There are 2 protein chains.
Amino acid sequence: MSNRDSCIVKHFRHYHPLSDGDRQLLGALEKSPLEVKAGDSLWEERDPAQDFFTLSQGWAFSYRQLEDGARQILEVYLPGDVIGLREYAFHQRLTGVQMIEDGTICRFPHARLTDIFQQSTTLTSILFAMASRQQVLLTERLVNLSRRSARQKLAHFIMEMYERLAKTAGRQEDHSIRLPLSQEMLADVLGLSPVHVSRTFSALDEEGLLHRNRHRLLLPDPAALADAGQFDERYLADSVFAANDAVG
Amino acid sequence: MSNRDSCIVKHFRHYHPLSDGDRQLLGALEKSPLEVKAGDSLWEERDPAQDFFTLSQGWAFSYRQLEDGARQILEVYLPGDVIGLREYAFHQRLTGVQMIEDGTICRFPHARLTDIFQQSTTLTSILFAMASRQQVLLTERLVNLSRRSARQKLAHFIMEMYERLAKTAGRQEDHSIRLPLSQEMLADVLGLSPVHVSRTFSALDEEGLLHRNRHRLLLPDPAALADAGQFDERYLADSVFAANDAVG
DNA sequence: GGTTTACGTTAACTCAGGTTATGTCGGCGC
DNA sequence: GCGCCGACATAACCTGAGTTAACGTAAACC
């Protein structure tokens, strides 16, 4: 509860109240926070997989590099997200992770997850809820990639970021968000070419659904943008309470 | 150990040896096996989410229905797979699930998962490994959908099924598999039109990479097909041992 | 045994988005 | 101020896959 709480503890508390024992257990498992720079790689594909990270500050993304040089960005991580759950059952990393901006991360050793399983049902439930949530985010991204037009893809992704940021960082009065992704990164998220991302941005801008100023995006009418992207926020419905119910 | 073991117990044992206590815990949680018909729906989007199923016999798939009528198939489940982990942290189903063939399923109440967390670290680890594996499968499908040509998509999906079937049902001498999906379903898996699935099948057939006879597929040279689909089986690397390491 | 129905095939045409190439703008070192 | 560099914009052209529609085929039903 004090401000000596680590970033891991803070994040887990965001999901569910923790007992002192839970807090100590989490604290004991983590190594000291690590400062990282924009562009730094947390790991690359095929690296040995032996820990998780929590992202305390800054943005990151995970990606797959294809044989033909294309890169697919799989997930964008915001402060508070846990990174690396995907590879729990694997010895090797299957995806790389890089920082988008300078930030702070906390290491969380893989092998000792069992300590948590043994000692705290609450923490176990939270971890399970996090894994569930990530699978749901990935599912939505998959649908977005396979079945929607460029216009819908972009509108949908921006709405997702808008809502996720609202939950962690609060909402701006002017309905604006800061999205520190280059158009090349957006293309790699959305499965488009950078050129077409630019075209699509211009189209949305002309329609008045979206205005850009460098990395700041203004959404004059979020509901209209959501509509343009077939965005249905149910998949972001906070996962805390369902997990709580199971615990309670 | 006896043939009185339920299908859930069988499946979990496939991941990791279970103590008698673990077996009893699993057995106590499940309801009786349920016979289901091809086309039966296990649930639909927006249904309340309160249990998992294990698939004992038959194939199933999960899907999302889009506003414009398109359907995206997210995952194909084979006998032994656990269905519904995705919605652990949600109150509502976000995807539907239907049977592809007649089969048998076992219900596994959602709310009581906590009993497992409290009583068995082994079972908890297995469940976590299953969730990790599903996220990895989904990741690969996402890459397949967003970054590969129709030819690569089809080749890749068939290779995935070939390898997954090899693990559960063993390998045929003639390198053939039974794939009970209509071309319409394949289209909905791969984000293609049924027409183009047909064209692509014909092209692979002419190249000698694949021969079809109704639902039976013959792969004269699996390595060549894998190559055509940029298929790298690392993402199917059996997840049991990594989880075991954590337990041990 | 003939009709129905579901599933697959083939061909002609269309179009969203990729590709390539060139242009613009803001920041930065000198 | 000048030139460089990275990020974005715009335009012309190309292509893979969607769409539509007509036709085959095979199990299924009376």
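Order of the sequence lines sets the chain letters (A, B, ...), proteins ahead of strands, with each chain counted from 1. Predicted model only: the values in this text are computed from it and were never measured.
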Protein N or O to nucleotides 6-10 of chain D N or O, pairs below 3.5 Å:
residue	atom	partner	partner atom	Å
D:dC8	OP2	A:Gln183	N	3.1
D:dA9	OP1	A:Arg212	NH1	2.7
D:dA9	OP1	A:Arg212	NH2	3.3
D:dA9	OP2	A:Gln183	OE1	3.1
D:dA9	OP2	A:Gln183	NE2	2.8
D:dA9	OP2	A:Ser198	OG	2.8
D:dA9	OP2	A:Arg212	NH1	3.3
D:dT10	OP2	A:Ser202	OG	3.4

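What separates CG of B:Leu190 from P of D:dG16 is a distance of 18 Å, to the nearest Å.
Taking B:Arg199 as the reference, B:Val195, B:His196 meet the side-chain contact (heavy atoms from CB on, under 4.5 Å) condition, with sequence neighbours excluded. Contacts of B:Glu75 classified as side chain to side chain donor-acceptor pair (under 3.5 Å), with partners at least two apart in sequence or in another chain: B:Arg141, B:Arg164. Qualifying side-chain contact (heavy atoms from CB on, under 4.5 Å) partners for A:Glu140, counting only residues two or more places apart in sequence or in other chains: A:Arg148, A:His156, A:Tyr235, B:Arg64. Among residues two or more places apart in sequence or in another chain, the salt bridge (charged side-chain N to carboxylate O under 4.0 Å, His left out) test is passed with A:Glu35 by none.
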Distance-only donor-acceptor hits, side chain of residues 46-57 of chain A, under 3.5 Å, sequence neighbours excluded:
residue	atom	partner	partner atom	Å
A:Asp47	OD2	A:Glu44	N	2.9
A:Asp51	OD1	A:Arg107	NH1	3.4
A:Asp51	OD2	A:Arg107	NH1	3.0

Just distance, no hydrogens or angles: give the donor-acceptor pairs under 3.5 Å from side chains in residues 213-228 of chain A, sequence neighbours left out.
residue	atom	partner	partner atom	Å
A:Arg216	NE	A:Ser176	OG	3.1
A:Arg216	NH2	A:Ser176	OG	3.2
A:Asp221	OD1	A:Ala223	N	3.3
A:Asp221	OD1	A:Ala224	N	3.2

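Residue pairs meeting the ring-ring contact (aromatic ring centres under 6.0 Å, His included) criterion with at least one member in residues 56-82 of chain B, sequence neighbours excluded, are B:Phe61-B:Tyr63. Here salt bridge (charged side-chain N to carboxylate O under 4.0 Å, His left out) pairs that include residues 180-189 of chain A, with residues two or more places apart or in two chains, are A:Arg71-A:Asp188, A:Asp188-B:Arg147.
For residues 66-73 of chain A, proximity to DNA chain C is found at no residue, defined as any non-hydrogen atom under 4.0 angstrom from a strand atom.
For DNA chain C, the outermost nucleotides in 5' to 3' order that have an atom under 4.0 Å from a heavy atom of chain A are C:dG17 to C:dT20.
With the end axes of the helix from C:dG1-D:dC30 to C:dC30-D:dG1 each set by five pairs, the angle from one to the other reads 30° at 10° resolution.
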